[in-house]
Amino acid sequence: MPELPEVETTRRGLLPHVVGRRIRDVVVREPRLRWPVPRDLARRLGGESVRDIHRRGKYLLFEVGDGHLLVHLGMSGSLTLVPRDTPPRRHDHVDLALEGESTLRLNDPRRFGAVLWVKRPETHVLLKSLGVEPFDAAFGGELLQRLANGRRVPVKLFLMNARMVSGIGNIYANEALFAAGVHPSRPSGRLSRERWDRLAAAIRQTLERAIAAGGSTLRDFVGGDGRPGYFQNEYAVYGRAGEPCPTCGTAIRGARHAGRATFYCGACQR
DNA sequence: AGAACCACCTGGCAGC
DNA sequence: TGCTGCCAGGTGGTTC
């Protein structure tokens, strides 16, 4: 599910309802996520106020107490506010009961997500090697071309590599490459500066449009306010193998890169 | 160093 | 209806 737009949608949905609130209680029903949920989470968070919520790549960071609560949604996670005393449903693994009437609840069927305590995000092993943020000032064709220099990995996999660029997953890699007219298999070290510029702009524009639409809801993603996203209705290529390209009408092709489904127009993308 | 795989999980769906 | 196999939004770790 969640790539940068879905994580950002979650963050924005939660901000007005969570920041400034005190955490009354922490309930961990299932600690077996990607890594075990820390046993002392309740002690660290109980009674503390959430000062802010940040995003780094696909990670959410809740600034609280003398550190940060790190949440990753994995493939199937969602984080929503529910009224206090709402009975837990299947896969509701972690609750943060807030002061007042609401509870912040993590649901994650596949349990690829994570809930961890991080003292200093800038040095944490999961965060320190993350690549550039697509909305950072440093992001652009020049940087991407420099990072890709000498690499033969397909540009689609380069974009999905979180050590290069953070936040882009399978859906938005497919969509941004289409928007830029770049073939997903093209070796990343062999794109001209002009094409990197176009791709960088397409990445930003695609992510911006997706955030504006509240992200994508393919199965059951909901943002922090509990509402689904609508960007899945605007996909040009993702999941559309065999359908006509919205630009030229040629049938969209399906392929695979590193086991992940790829969709592209063989005529528009070179 | 870089690239190709595998692993971790559950649920939904197509096909028989 | 029910079984089997395949697929899915991520990413750290292992192997070559």
Side-chain angles (χ1 to χ4, degrees), chain A residues 1-11 29-37 55-60 70-79 89-94 106-116 124-131 146-177 184-190 203 206-207 210-211 213-223 228-235 237-242 254-263:
Chain A
M1 161 209 327
E3 302 182 34
L4 187 154
E6 291 74 36
V7 178
E8 182 62 20
T9 294
T10 299
R11 189 183 79 86
R29 292 183 200 84
E30 174 57 86
R32 295 174 304 165
L33 303 185
R34 169 126 206 205
W35 298 282
V37 177
R55 180 188 59 73
R56 178 76 176 94
K58 299 170 192 168
Y59 292 91
L60 283 170
L70 177 149
V71 177
H72 194 287
L73 300 175
M75 288 277 268
S76 59
S78 58
L79 199 54
R89 301 169 59 176
R90 199 159 154 75
H91 309 304
D92 281 344
H93 304 315
V94 178
L106 175 74
N107 182 281
D108 185 6
R110 292 177 73 179
R111 290 195 273 121
F112 288 174
V115 173
L116 295 170
H124 191 270
V125 62
L126 291 176
L127 303 173
K128 69 180 179 193
S129 57
L130 283 181
R146 186 149 39 87
L147 290 171
N149 185 35
R151 293 174 186 272
R152 277 169 300 180
V153 71
V155 61
K156 186 195 174 211
L157 294 178
F158 176 86
L159 295 181
M160 291 174 67
N161 182 347
R163 307 176 90 87
M164 300 295 147
V165 183
S166 57
I168 302 177
N170 198 33
I171 292 175
Y172 299 105
N174 278 298
E175 291 296 314
L177 285 164
S185 299
R186 183 167 284 271
S188 46
R190 301 227 188 106
I203 288 166
T206 301
L207 296 175
I211 292 168
S216 300
T217 296
L218 289 190
R219 210 155 272 114
D220 54 5
F221 171 76
V222 286
Y230 296 96
F231 194 70
Q232 69 280 4
N233 300 316
E234 297 182 41
Y235 293 161
V237 291
Y238 184 81
R240 293 188 179 277
R256 295 193 88 76
H257 289 95
R260 314 296 299 277
T262 298
F263 305 93

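To find a chain, count down the sequence lines: A is the first, B the second, and so on, and within it residues start at 1. Everything numeric here is computed off the predicted structure, so don't read it as measured data.
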If you apply the rule side chain to side chain contact (heavy atoms under 4.5 Å, CB included), what do you find for A/Leu207 with A/Tyr172, and how did you get there?
CA-CA 7 Å; A/Leu207 296 175; A/Tyr172 299 105; 4.0 Å; yes
Base-pair string, DNA chain C, Watson-Crick plus G-U, cut-off 3.5 Å on both distances, | for inter-strand, is .|||||||.|||||||
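In this structure, A/Leu218 atom CG and C/dC7 atom P are separated by 17 Å, rounded to whole Å. Atom CG in A/Leu157 sits roughly 14 Å away from atom P in C/dT11 (whole-Å rounding). Rounded to whole Å, the distance from NE2 on A/His124 to C1' on C/dG12 is 13 Å. Following rounding to the nearest Å, A/Arg256 (CZ) and C/dC6 (P) show an atom-to-atom distance of 12 Å. For A/Met160 and C/dA8, the CE to P distance is 11 Å, given to the nearest whole Å. Between A/Arg260 atom CZ and B/dA4 atom C1' there is a gap of 15 Å when expressed in whole angstrom units. Residue A/Leu147 contributes atom CG, which lies 15 Å from atom C1' of B/dG2 at whole-angstrom precision. Put simply, CH2 on A/Trp35 is 14 Å from P on C/dG10, counting in whole angstrom units.
Residues A/Tyr238 and A/Ser216 bring no donor and acceptor atom of their side chains to less than 3.5 Å of each other. Under the 3.5 Å distance criterion, with hydrogens and angles disregarded, no donor-acceptor pair is assigned to the side chains of A/Asn107 and A/Ser78. Inspection of the A/Ser166 and A/Lys58 side chains reveals no N or O donor paired with an N or O acceptor under 3.5 Å.
When the P atom is compared between B/dC9 and C/dC3, the two are found 24 Å apart, to the nearest whole Å. Rounded to the nearest Å, the gap between the P atom of B/dC6 and that of C/dC6 is 14 Å. Here the separation of C/dC7 from B/dC5, taken at their P atoms, is 15 Å to the nearest Å.
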Let me have a per-nucleotide readout for nucleotides 8-13 of chain B, 5' to 3', with B, S or -, counting only protein heavy atoms under 4.0 Å.
BBBS--
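Side-chain contact between A/Leu159 and A/Met164 is absent, with no heavy-atom pair separated by less than 4.5 Å.
Using a 4.0 Å heavy-atom distance criterion, A/Phe231 is classed as making no nucleic acid contact. A/Tyr238 comes within contact range of the sugar-phosphate backbone alone, with a heavy-atom separation under 4.0 Å but no base atom that close.
With hydrogens and angles disregarded, a donor-acceptor distance shorter than 3.5 Å links the side chain of A/Arg256 to the backbone of A/Gly259. Between the side chain of A/Glu6 and the main chain of A/Glu3, a donor-acceptor pair closer than 3.5 Å is present.
With rounding to the nearest 0.5 Å, the separation of NE2 in A/His93 from CG in A/Leu106 is 6.5 Å. Atom OG1 of A/Thr10 and atom CZ of A/Arg55 lie 11.0 Å apart (nearest 0.5 Å).
When distances are taken from the side chain of A/Arg151 to each of C/dA8, B/dG2, C/dG10, the shortest belongs to B/dG2.
Crowding of A/Arg152 atom CZ: a count of heavy atoms from other residues, nucleotides or ligands under 6.0 Å not exceeding 12.
The phosphate of C/dT11 has OP1 or OP2 within less than 4.0 Å of a side-chain N or O from A/His72.
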